[in-house]
Protein chains: 2
Amino acid sequence: MPEINTWQIIKNNVLRRLSERQWLPGDTLPSEMEFAREFGCARATVNKALNELASTGILERKRKSGTRVTINPVRKATMSIPVTRQEIQARGCTYSHVLIENTLKRLPAHMTSRFNVPGGVKALHHKALHLSDHEAFLYEDRWINTIVMPDIQEVDFTTISANEWLVGHAPYSRGELSILSAAASADEALHLGIDEGRPILIVERTTWSDTQPITFVRLAYRPGYRLNSTL
Amino acid sequence: MPEINTWQIIKNNVLRRLSERQWLPGDTLPSEMEFAREFGCARATVNKALNELASTGILERKRKSGTRVTINPVRKATMSIPVTRQEIQARGCTYSHVLIENTLKRLPAHMTSRFNVPGGVKALHHKALHLSDHEAFLYEDRWINTIVMPDIQEVDFTTISANEWLVGHAPYSRGELSILSAAASADEALHLGIDEGRPILIVERTTWSDTQPITFVRLAYRPGYRLNSTL
DNA sequence: TAGTGGTCTAGACCACATA
DNA sequence: ATGTGGTCTAGACCACTAT
């Protein structure tokens, strides 16, 4: 428990007292002024420490009513979703990727509703396979809105993955993420080199720039893959 | 874009300029002092705004070298993992749960390593089914460390779920979370009322109080379940 | 109405990494 | 050596809400 700063000392102290059940779920903690006196510091310092704890969902803070221990804490896990190349290289493996498809075509029905655009609009359909030590790791099936990203049709995706290009060229303002389990489709099974119907982890992500959809991607991970996080 | 506070105004302003590509990945932003002059505010206010952006992974800050636009941002998604009862009730459904097993037994080998305890130690093996509108929603298979939580053997888990009891009585200091896709085991399939081998989403969680493991739980969600989040 | 947290200031000192 | 962000202070005013 490294305690270098005053606000971290306060944070850790409060955490310890919570684990020792000095304050139970629903209880009100002392006010910022009281903590400031206890620790001999400014109120702003206490404010930072308590807000830090509130951001993890352990405490709830409201003006006038004070700081309370959350009764049914919504546990918040921060999942880090790195660029695939980095994720693979971080494990000490060799990264490579193969472009499978990159064509302009009419959006299918399930995509027009997702992109909230009229039917008949064309978009870039992009499929690629990411490999770890030359073995299939992740199959990517992506639609890119060419109205928002016209430059993308000139990009050579055999040298850089769409994943990385978009990260560098399409700053998003908003995104939605969905994690599910599915039976591998024929397409996914073929490219991942597994049997159709095998359970695989799917991550679907839509990103928006203001009100314009930029891209929708469905990531199919090879069997055995886990998304890990600490609480 | 509600702009009430100075620090939120600054944050939104910087976000807009980033999306307009005024600063590209790798670029250095103006210093806090320069921003403070631009917005006519104190440096602490700029500090709060930029730290807010850095916490989302968009910016990277280092003493002396300044604030840079992250080159390969590790996208951070915050997943909210509510207590199951709340999650079901929030959808307007009726929550109920059934206790399936709650017995003290020797830890199997894969759990002794996970709990980092010697072999032969006993723990509470707890299985329960959570229902939404009287249909199977989530099957919970849990081991609880009775050395750390001796009171738990007296609890009546037919009235309160282990999930909720632990949230209120076992504050954890640390936790690990793992999300994966798996074929439903015979046990899971039986209780969820599905065919064995069906792909289901699995969440495994271990929580620790300081150095002592409190509980390990494997949550098996019914087919079709999605974990959602915004970026 | 009163007490709480939210925000902001002007200034200060410090830790750190770069040049 | 220098300039950056990290932290802290003492004080202030404000917004919200329980009483």
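Within every chain, numbering begins at 1; the chains are lettered A, B, ... in the order of the sequence lines, protein sequences first and strands thereafter. Keep in mind that the numbers below use all heavy atoms, side chains included, and drop hydrogens, waters and symmetry copies.
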K.L.:
Please report the distance, rounded to the nearest Å, between CZ in A:R61 and P in C:dG6.
P.N.:
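Taking CZ of A:R61 and P of C:dG6, I get 5 Å after rounding.
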
K.L.:
Does A:T112 use its side chain to pair, donor to acceptor, with the backbone of A:V117 at less than 3.5 Å?
P.N.:
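Not a single qualifying donor-acceptor pair exists.
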
K.L.:
Please encode protein proximity along nucleotides 7-16 of chain D as a string of B, S and -, counting only heavy-atom distances under 4.0 Å.
P.N.:
BSB--B--BB

K.L.:
Assess the residue pair B:R91 and B:E87 against the criterion (salt bridge (charged side-chain N to carboxylate O under 4.0 Å, His left out)); give the C-alpha distance rounded to whole Å, side-chain angles, the decisive distance to 0.1 Å, and a yes or no.
P.N.:
CA-CA 7 Å; B:R91 300 177 182 200; B:E87 180 174 15; 3.6 Å; yes

K.L.:
Determine whether B:Y139 and B:I200 satisfy the following criterion, side-chain contact (heavy atoms from CB on, under 4.5 Å), listing intermediate values before the conclusion.
P.N.:
CA-CA 11 Å; B:Y139 175 61; B:I200 52 174; over 6 Å; no

K.L.:
In whole angstroms, how far is the C1' atom of D:dT4 from the CD atom of B:E60?
P.N.:
15 Å

K.L.:
Rounded to the Å, how far apart are B:R68 CZ and C:dT18 C1'?
P.N.:
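Taking CZ of B:R68 and C1' of C:dT18, I get 11 Å after rounding.
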
K.L.:
Rounding to a whole Å, what distance do you find between A:M33:CE and C:dA2:P?
P.N.:
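Nearest whole value for this atom pair: 18 Å.
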
K.L.:
If we ignore angles and hydrogens, is there a donor and acceptor under 3.5 Å between the side chains of B:R17 and B:N13?
P.N.:
yes

K.L.:
Please answer whether the main-chain N or O of A:R68 pairs with a side-chain N or O of A:T28 as donor and acceptor at a distance below 3.5 Å.
P.N.:
no

K.L.:
Below the 4.0 Å mark, does D:dG5 have OP1 or OP2 next to a side-chain nitrogen or oxygen of B:T67?
P.N.:
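For B:T67, the contact criterion (side-chain N or O under 4.0 Å from OP1 or OP2 of D:dG5) is met.
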
K.L.:
Between B:E34 and B:S31, is there a donor-acceptor pair closer than 3.5 Å when you use the side chain of the first and the backbone of the second?
P.N.:
yes

